[in-house]
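Structure record follows, encoded as C-alpha cells.
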Amino acid sequence: MVKHQPLQVYEKQVFVSFVTGIYGCRWKRYQRSQDDSSRWECTWFIILCTSFLLLLFWAYFWLVAKNDFNDFNWLVYNRTGEWRDETIPILASTIVGFTYITFLMILAFFHVSLGQQLNLYWVHKIGVLATLLTTISGVVSVDDIWGDEWAILLVSLQSTAPFLHIGALITVTGISWLVAGYVVRKDRSSSMKLCEDLKRINHIVLPSISFVDIQILKPRPNIIGRRGAPMLAPENTIVSFNRALQHGASCLEADVSVSVDGVPFLMRDHNLRRTTDVGKVFPSRQYEDASFFNWTEIRSLNAGQWFLQSDPYWTVETLTAKDRSRIGNQTVCSLFDMLRLAVRANSSALLNVRRPPPEHPRYRSWFMDTLWAVQKAGISQKRVTWTPDTDRGRVRGLQQSVNEKLSVKEIRQRGITSLTLHYSKTSLKDIQEYQANNVSVSVYPVNEPWLYSTLWCSGVPFVSSDAPQVLRRVPYPIWLMSHSAYNFIWISSDLVSLAIIIGIFSLQKWRMTGIQNYNPEQIMLSAVTRQSNRDVNIMKEKLIFSG
C-alpha cells in the first residue's frame with residue numbers, strides 16, 4: 001500500500017527571506033514556519049515593545065529638555081567638579097538605540113502580518129536587553145540628578161499634545177493593516193476584541209491649553225537677558241549683556257557676589273574654576289569661594305577663554321574671528337559696569353544677590369555694598385528688582401521679588417511686587433490670579449520657541465532667557481488657533497481614523513473569507529501551473545510504504 005503525502009510548493013519570496021533573515025537569522029526557506037510563536041518568543045516581543053515605548057518616552061524627554069541642557073550640565077558640574085557636555089553622549093546613545101529598536105519593531109510587525117514565527121535572533125536579544133537596561137539606568141540617573149526636570153513633560157503637552165494625538169492616530173491606523181491580517185486569521189472573537197481596542201485608542205484626548213482665541217491673546221512677553229546672552233558670549237560679562245540688549249532684551253539679569261574689599265561682581269558659581277583661568281593664575285585657590293578674592297585679583301582673571309574652549313551652547317562656530325578675539329579678552333564684570341550699561345540702554349536690571357558666608361569680612365555690610373553700587377551707577381531704583389529675601393525693611397524704592405511660589409496674601413504681607421518662578425511652577429490659573437492683584441511674574445529659563453509661545457498664550461508678562469536672539473525671531477505664537485478650530489480637527493481626525501481602521505478589518509476579513517472558499521489542492525495546482533520551473537521549487541513527492 002502506498003500513501004501519498006500532499007505536494008508542497010515553495011515560492012522564492014525574497015522579501016520574506018529578508019525579513020526572517022534579519023530578525024531571526026532564518027535565511028533558508030525550510031526554517032520558516034507558519035506555526036504560532038512560542039510563549040518564550042512572545043515574551044521577547046513584549047520586551048521589545050517595552051524597550052521601544054521606553055525609548056520613545058526617553059527620546060521625547062530629551063527633545064523637550066533641550067530648553068535646559070545648560071542647566072543639566074551645570075548640575076553635573078556641581079557634583080563632579082569638571083565641566084563636560086554630558087548631553088552629547090546621552091543624545092548619541094539615544095539616537096542609536098532608538099533607531100535599532102525601531103528597526104526591529106518594524107521587522108516584528110512584518111512577521112505578524114506575514115504569519116511568520118517571532119523567532120528573535122540571540123544577538124538581537126542581547127542588544128534589546130542591553131538597550132532596555134541602559135535606558136532604565138539613564139531614567140534612574142536623571143531622576144536622581146535632575147528630578148525636577150520631569151515637569152517639562154507636562155508643560156510640553158500644552159504645545160505638543162495636538163500633534164502627539166494626530167501622530168498616535170496615524171500610527172494606529174498604519175499598523176492596523178498589519179495587525180488585522182494576523183488577527184483575522186485567528187478566531188472572530190479576537191478580531192472583534194482588537195478592533196474595539198483600536199476604537200478606544202482613537203478616543204484618547206490629549207489636553208492642550210496653548211491654543212487660545214486670537215481676541216484674548218496677551219501682549220508679547222518681555223525678554224530678560226539671563227546672565228546676558230550666554231549662548232553668544234560668556235555669561236555675566238559686559239559683552240554678553242551688550243549682545244542681550246542688541247537682540248531686544250528689555251531687562252538684564254545677573255548673579256551678584258561681593259568681594260572681600262566690598263566690590264559687588266557678577267559670578268554664578270561659588271568658585272571661579274568654571275568661568276575663569278583661576279587654575280592657572282591662583283592654582284592653590286581655585287576651589288576657594290569666589291567672594292574671598294579681592295577685586296584686583298578677580299579683575300586679573302580671564303573670563304572668556306573658557307567659553308571658546310568648552311563651547312557650552314554649541315555656538316562658537318557661528319562667531320566671527322572678531323567676536324572670538326573680543327570674547328577671549330573678557331574679564332569678570334562688576335555690578336557697577338553692568339548697571340551703567342543698563343542706564344545707557346534705558347533698560348531694567350534683575351539682581352540675584354548671594355549673601356557672603358558668615359566668616360566673610362563683608363558679611364554684615366554686603367547689603368550696603370550692593371546698594372551703594374546701585375546708587376553710584378545712577379539707575380532709577382524703580383528699574384532695579386532685588387531678589388534676596390533678606391533685609392527687606394532696608395530695601396526702599398527697589399522692586400522686591402522672590403524665587404518661590406507664594407499666595408497673594410503672603411505677597412502683600414511681605415511687600416513683594418513680583419515673582420521669579422521656574423516655568424514648571426506656574427499655571428494659567430496662577431498667572432491670572434497674580435495679574436489680577438498687580439503682581440508681576442517672570443518665568444525662567446525660556447530658550448525654545450515652543451515654550452515661549454506656550455507662556456505667551458498663558459499671559460506671562462516676562463520671561464528670562466539664555467537665548468534672546470532666538471526668542472526675538474518669534475513675532476507671533478506658534479500654532480495659534482482657537483479651541484473650536486482644534487476641537488473640529490480632533491473630532492474629524494478621530495472619525496476618519498476610525499472609519500479607515502474598520503474598513504481595513506472588513507477588507508482583511510473579506511480577503512481571508514475568499515481564500516477559505518477555495519480548495520487547498522486547487523490553490524496548489526494553480527501555483528504550479530502559473531510559475532515557471534526557475535521560480536518554483538517543487539519538493540519530490542514522498543512515497544510512504546506500509547505493510
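Here the structure is a predicted model, which is why all the values come from computation and not from measurement.
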Polar contact flag, side-chain donor to acceptor under 3.5 angstrom, [X]-[Y]:
{"X": "T385", "Y": "S401", "value": "no"}
{"X": "H270", "Y": "R354", "value": "yes"}
{"X": "Y452", "Y": "N67", "value": "no"}
{"X": "W146", "Y": "D68", "value": "no"}
{"X": "Y444", "Y": "S465", "value": "no"}
{"X": "Q330", "Y": "N302", "value": "no"}
{"X": "T173", "Y": "S497", "value": "yes"}

Pairing residues for [X] by the side chain to side chain donor-acceptor pair (under 3.5 Å) criterion, not counting sequence neighbours:
{"X": "T320", "result": "D323"}
{"X": "Q309", "result": "none"}
{"X": "D430", "result": "K405, S427"}
{"X": "H422", "result": "S424"}

Please report, to 0.1 Å, the donor-acceptor pairs under 3.5 Å made by any side chain of residues 41-50, with sequence neighbours excluded.
| unit_1 | atom_1 | unit_2 | atom_2 | d |
| --- | --- | --- | --- | --- |
| E41 | OE1 | L120 | N | 3.1 |
| E41 | OE2 | K125 | NZ | 3.2 |
| T43 | OG1 | R39 | O | 2.8 |
| T50 | OG1 | I46 | O | 2.8 |

Step-by-step side chain to side chain contact (heavy atoms under 4.5 Å, CB included) determination, L104 to I22: CA-CA 9 Å; L104 291 181; I22 296 295; 5.6 Å; no
Residues in side chain to side chain contact (heavy atoms under 4.5 Å, CB included) contact with S440, at least two apart in sequence or another chain: S418, P461, F462
Closest approach of [X] and [Y], non-hydrogen atoms and distance?
{"X": "I327", "Y": "L232", "answer": "CD1-O, 3.5 Å"}
{"X": "T387", "Y": "V353", "answer": "OG1-N, 4.0 Å"}
{"X": "T276", "Y": "L301", "answer": "OG1-CD1, 3.8 Å"}
{"X": "A254", "Y": "N236", "answer": "CA-OD1, 3.8 Å"}

So for atom CH2, which belongs to W40, do other residues, nucleotides or ligands contribute more than 12 heavy atoms lying within a distance under 6.0 Å? no
With sequence neighbours excluded, tell me which residues meet salt bridge (Lys or Arg N to Asp or Glu O under 4.0 Å) with [X].
{"X": "E82", "answer": "R273"}
{"X": "E235", "answer": "R227, R274"}
{"X": "E288", "answer": "R285"}

Could you label the plane-to-plane angle of the F61 and W150 rings as parallel, tilted or perpendicular, counting under 30° as parallel and over 60° as perpendicular? tilted
Should the pair R268-D71 be classified as a salt bridge under the 4.0 Å nitrogen-to-oxygen rule? yes
List the atom pairs, with distances to 0.1 Å, where a side-chain N or O of residues 92-102 and a protein N or O form a donor-acceptor pair under 3.5 Å, not counting sequence neighbours.
| unit_1 | atom_1 | unit_2 | atom_2 | d |
| --- | --- | --- | --- | --- |
| S93 | OG | P89 | O | 2.9 |
| S93 | OG | I90 | O | 3.0 |
| T94 | OG1 | W58 | NE1 | 3.1 |
| T94 | OG1 | I90 | O | 2.7 |
| T99 | OG1 | I95 | O | 2.7 |
| Y100 | OH | H124 | ND1 | 2.9 |
| T102 | OG1 | F98 | O | 2.6 |

Pairs where residues 55-65 contributes a residue and the test salt bridge (Lys or Arg N to Asp or Glu O under 4.0 Å) is met, not counting sequence neighbours: none
Under the salt bridge (Lys or Arg N to Asp or Glu O under 4.0 Å) definition, can you give me all pairs with a residue in residues 140-150, not counting sequence neighbours? R79-D144
